[in-house]
Q: 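There's a structure below that I have some questions on.
Here the structure is a predicted model, which is why all the values come from computation and not from measurement. We number each residue from 1, following the sequence as shown.
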Amino acid sequence: MDRPRVVVFGQLARDLVLCAPEIPDAGSSVDVRERVEELGGKGANQAVALAQLGARPSLVAVAGDDDVGDALLARAASDGIDVSGVVRRPGPTGLIVEVLLPSGDYRYFEHLGERVQLHTSDVTSSASIVEGAAAALVQLQQPAPAVVSAARLGRTARALVVLDGAPPDGTRDDLLLLADVLRADAREAPQWTDVSSVDGAALREATEALLRRGPRVVALALDGGGNLFSWRDEETVHHLVVPDGPERVRDTTGGGDSLVAALTVGLLAGYPVPDAARCAVAASGRTVTRVGGRPDLTGLFPR
């Protein structure tokens, strides 16, 4: 398989996962049983997954000018990620702390302020990186002007534009016109469809409406588990529900990021949508068996 170049617009952060037996009461403590520190943030997670799947990822993100930022960028480069599009700003790099319980329940504590989010100027300055790329992945948990600018840049470059997340306020119509692939989890999907993902018939009708407005593939996580993939082939719309795998879930962090990365690589490789969808769910399944969101996806696609 050729190694497509893919640009990811999104978050870079230090991920710290603390595996604890329980959440302590106020004024008390518990012993942490396991501690994992990784290169994280949704953008970096997707870039790592893309590299493992055989793509050549470039990351457009923001890091601080601290030692943590230096270490994370060095780790990303060693993972095969082009970090020339990462902007350095004064101050600390973003931080995500996850407290993970044996049941799989979690609590996130995030230090991800405006300072470590993408600005429109950060996006426009990456135009030379996007030029010639096969795909542009845009993480929508960024300021609205930046995500619309990133999607437009991908469209101008004739890249496959993949959107991941819920639309920032006031951007839904513009983003639908720019998207080739749309992915949302079960909490985000209603912001695109205006219906609950519990209602299967209404959800299919809603995805068909989305497909008529721009995207050619829509992938929505379902409340009860599994994912609905919908796509159009000329005048025909198809739907496929791919159930979650049998893997034991330890940590859901990064599962959706691996799904997006694998779906993108599969589509770029020319896989039919059902095959790309199944590979995407398999990638997510591999990721959630591990603590910290860092997957091992080598061998999922033949090289």
Side-chain angles (χ1 to χ4, degrees), residues 4 6-10 42-43 46 60 118 120 123-124 127 130-131 133-197 201-222 227-242 256 259-274 276-277 280:
V6 180
V7 182
V8 181
F9 295 88
K42 287 184 67 64
Q46 291 175 1
V60 180
L118 286 169
T120 303
V123 173
T124 56
V130 181
E131 184 177 355
L137 272 60
V138 183
Q139 174 210 331
L140 300 182
Q141 291 86 352
Q142 295 286 313
V147 299
V148 173
S149 179
R152 283 182 177 149
L153 194 58
R155 173 62 65 206
T156 300
R158 299 181 183 275
L160 183 78
V161 177
V162 182
L163 305 183
D164 176 30
D169 290 345
T171 65
R172 183 168 69 170
D173 291 344
D174 287 339
L175 289 174
L176 285 173
L177 291 173
L178 296 167
D180 294 301
V181 180
L182 173 64
R183 159 68 182 175
D185 66 25
R187 288 176 294 182
E188 299 160 342
Q191 297 183 56
W192 291 103
T193 64
D194 296 323
V195 300
S196 169
S197 60
L203 184 60
R204 284 169 171 77
E205 290 181 8
T207 57
E208 291 176 15
L210 292 175
L211 292 168
R212 288 193 294 269
R213 298 177 65 184
R216 60 184 179 90
V217 179
V218 174
L220 304 179
L222 302 174
N227 290 266
L228 171 66
F229 294 85
S230 303
W231 67 100
R232 52 185 167 90
D233 180 7
E234 296 181 353
E235 299 301 320
T236 304
V237 174
H238 307 272
H239 301 286
L240 173 68
V241 173
V242 181
L259 186 150
V260 170
L263 180 61
T264 301
V265 171
L267 294 174
L268 292 177
Y271 281 43
V273 175

Q: Kindly compute the distance separating CG (Leu220) from CG (Leu210), expressed to the nearest 0.5 Å.
A: 7.5 Å
Q: Please report the closest heavy-atom contact between Ala159 and Ala133, naming both atoms and the distance.
A: CB-O, 3.5 Å
Q: Knowing that exactly one of Arg155, Arg158, Arg232 qualifies, which makes a salt bridge (Lys or Arg N to Asp or Glu O under 4.0 Å) with Asp180?
A: Arg155
Q: To the nearest 0.5 Å, tell me how far Leu175 CG sits from Arg213 CZ.
A: 11.0 Å
Q: At what distance, to the nearest 0.5 angstrom, does CD of Glu208 lie from CG of Leu203?
A: 10.0 Å
Q: Can you give me the closest heavy-atom contact between Ala134 and Pro4, atom names plus distance?
A: CB-CB, 3.9 Å
Q: Take Gln141 and Glu188 through the test side chain to side chain contact (heavy atoms under 4.5 Å, CB included) and record every step on the way to the result.
A: CA-CA 11 Å; Gln141 291 86 352; Glu188 299 160 342; 3.0 Å; yes
Q: So, taking the atom named OG1 in Thr156 and the one named CD in Glu131, what distance separates them when rounded to the nearest 0.5 Å?
A: 11.0 Å
Q: For residues Ala146 and Val123, report the shortest heavy-atom separation together with the two atoms involved.
A: O-CG2, 3.7 Å
Q: Might you point out which heavy atoms bring Leu178 and Ala151 nearest each other, and give the distance in Å?
A: CD1-CB, 3.7 Å
Q: Measuring from Leu263:CG to Tyr271:OH, what's the distance to the nearest 0.5 Å?
A: 12.5 Å
Q: With a 4.5 Å heavy-atom cut-off, do Thr207 and Trp192 have their side chains touching?
A: no
Q: Show your working on side chain to side chain contact (heavy atoms under 4.5 Å, CB included) between Arg216 and Leu160 and close with a plain yes or no.
A: CA-CA 10 Å; Arg216 60 184 179 90; Leu160 183 78; 3.3 Å; yes
Q: Specify the closest pair of heavy atoms between Leu176 and Pro215, including all atoms of both residues, with the distance to one decimal.
A: O-CD, 3.5 Å
Q: Could you walk me through whether Arg172 and Asp194 pass the side chain to side chain contact (heavy atoms under 4.5 Å, CB included) check?
A: CA-CA 12 Å; Arg172 183 168 69 170; Asp194 296 323; 3.2 Å; yes
Q: How many angstroms lie between atom CG of Leu222 and atom CG of Asn227, to the nearest 0.5 angstrom?
A: 6.5 Å
